[in-house]
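Beneath this line is the structure, given in structure tokens, with notes to follow.
Indexing begins at 1, ligand by ligand and atom by atom, following the structure's order. As a basis for the values below, the full set of heavy atoms in this structure was taken, side chains included, without hydrogen atoms, waters or symmetry mates. Numbering starts at 1 and runs along the sequence shown.
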Amino acid sequence: MSPIPATSPTPPCAELHLHLEGTLEVPMVLELADRNGIRLPTPDEDALRRRYAFTDLASFLALYYENTAVLRTAADFAALTGAYLRRASEAGVLHAEVMFDPQAHVARGVPLGAVVEGVAAALEEGGREFGISTGLFAAFLRDRPATEAHAVLDELLALDAPITGVGLDSAELGYPPSLFADVFARARALGLHRIAHAGEEGPAGYIVGALDLLHAERIDHGIRCLEDPALVARLAAERIPLTVCPLSNVRLHAVPELAAHPLPGMLAQGLNVSVNSDDPAYFGGYVDDNFRAVAAQFSLGAAELARLALNSVESSFVPAERSRELAGAVEAWRAAQGQ
Ligand code: HPA
Ligand code: ZN
């Protein structure tokens with residue numbers, strides 16, 4: 001891929017597909033390991049960086065969960081979240097709906113209360129400092145039993161955790177949405193929003209399952225929808241949001257190369273697609289880097305980038321007034337680009 005000029009303009013947007021643990025940059029891994037007295041399996045920085053050449057989702061998740069072990073205290077989670085918001089604000093993010101993985105921490109003996117306390121405090125403080133509105137989603141690990149997801153939901157309720165909704169992530173193949181129908185029904189009855197990863201490595205049928213069985217309001221990734229024309233027609237007609245993460249798809253070999261990414265085809269079919277960074281510390285960039293990459297690869301102009309950004313605003317769960325404000329910022333950006 002040719003280098004992307006760092007100065008190319010990218011639009012203000014809402015970031016809707018972001019794993020907080022996936023913003024853990026190598027320097028912070030090393031710093032927190034040191035602070036918390038944790039011996040890393042790969043303590044040498046260069047050797048650690050060499051492990052970022054992933055072959056698939058599973059090979060990435062192994063390192064992602066390994067690095068996550070350095071996060072122990074509320075202060076660690078606040079530092080992680082604050083660093084993301086600072087970088088996101090530089091990327092033009094005006095609204096961020098971020099996920100975290102409660103089970104990845106509880107399983108290591110970290111109290112869920114400490115995780116929520118640190119993340120929530122940083123969202124509030126960083127949001128104020130950078131003018132970013134935020135939402136928080138607790139994602140269930142689909143390769144763990146549904147009983148664990150129920151226990152996490154119980155604990156989040158007991159903590160009165162300030163969550164916008166629930167999500168579903170981790171290893172997809174072999175773990176269909178149907179396994180989590182009950183816990184998503186509980187979340188829905190509680191008035192929580194629902195998002196789910198589907199159609200990243202898994203088949204288009206998992207997207208159908210996420211919609212029909214989980215009542216997901218937004219699909220994370222969803223790129224394999226194109227294998228099912230009836231599903232594409234439904235997604236387009238209902239304007240179901242698909243939070244696409246181009247650099248992630250390349251780095252996890254969900255697509256062979258960026259040139260083969262289905263984003264232009266998805267846009268051409270009228271799908272409600274947004275651009276997001278997924279796990280920016282692992283996949284080579286934040287949301288602005290993703291915008292620059294697709295703009296360069298597919299010769300997208302300001303009008304198309306603004307369309308993607310307006311899709312992100314439309315697909316967020318913000319109140320109508322904030323939505324109008326965000327859309328106004330995107331329209332102003334487009335006008336300033338002369339389009
Ligand atoms: N896919 C599925 N699960 C995840 C991801 C991802 O890209 N990142 C963190 N958990
Ligand atoms: Zn993801």
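Contacts between His221 and ligand 1 below 4.0 angstrom, taking non-hydrogen atoms only, involve the side chain exclusively. Of the heavy atoms in Leu61, only side-chain atoms (C-beta onward) come closer than 4.0 Å to ligand 1. Contact annotation: for Glu200 versus ligand 1, heavy atoms closer than 4.0 Å belong to the side chain alone.
From Arg224, atom CZ reaches atom OH of Tyr206 across 9.5 Å, with rounding to the nearest 0.5 Å.
Met99 and Leu192 fall into different hydrophobic clusters, defined by Ile, Leu, Val, Met, Phe, Trp and Tyr side-chain heavy atoms under 4.5 Å apart, directly or through other members. By the criterion of side-chain heavy atoms lying less than 4.5 angstrom apart, applied directly or through intervening Ile, Leu, Val, Met, Phe, Trp or Tyr residues, Val115 is grouped together with Leu85 in one hydrophobic cluster.
When distances to the Zn ion (ligand 2) are checked against a cut-off of 2.8 Å, His19 contributes an N, O or S atom below that limit. In summary, His197 places an N/O/S atom under 2.8 Å from the Zn ion (ligand 2), meeting the contact criterion.
The atoms of ligand 1 that sit less than 4.0 Å from any heavy atom of Asp278 are 6 (C), 7 (O). Close approach to Leu57 involves these atoms of ligand 1, each under 4.0 Å from a residue heavy atom: 1 (N), 2 (C), 6 (C).
Closest N/O/S atom of Asp278 to the Zn ion (ligand 2): OD1.
In this pair, His221 and His197 present their aromatic rings perpendicular. The plane angle is above 60°, beyond the 30 to 60° band. Between Phe60 and Tyr282, the ring planes are perpendicular. Angles over 60° get that label, and only those under 30° would be called parallel.
In this model, a donor atom of one side chain and an acceptor atom of the other lie less than 3.5 Å apart for Tyr64 and Asp101.
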**Item:** Intermediate values then yes/no, side chain to side chain contact (heavy atoms under 4.5 Å, CB included), Tyr286 and Glu90
**Value:** CA-CA 10 Å; Tyr286 287 77; Glu90 290 164 11; over 6 Å; no
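For Gly22, the heavy-atom gap to ligand 1 stays at 4.0 angstrom or more. Using a 4.0 angstrom heavy-atom cutoff, Phe60 counts as in contact with ligand 1.
Nearest non-hydrogen protein atom to atom 8 (N) of ligand 1 is Asp279 OD2, 2.8 Å. The protein heavy-atom contact nearest to atom 3 (N) of ligand 1 is Ser170 N, 2.8 Å.
Not a single N or O atom of Asp101, backbone or side chain, sits closer than 3.5 Å to an N or O atom of ligand 1.
Between Arg50 and Asp46, no side-chain nitrogen of the basic residue sits less than 4.0 Å from a carboxylate oxygen of the acidic one, so the salt-bridge criterion is not met.
Exactly one residue among Cys13, Ser312, Pro11 makes a side chain to side chain contact (heavy atoms under 4.5 Å, CB included) with Val287. That residue is Cys13.
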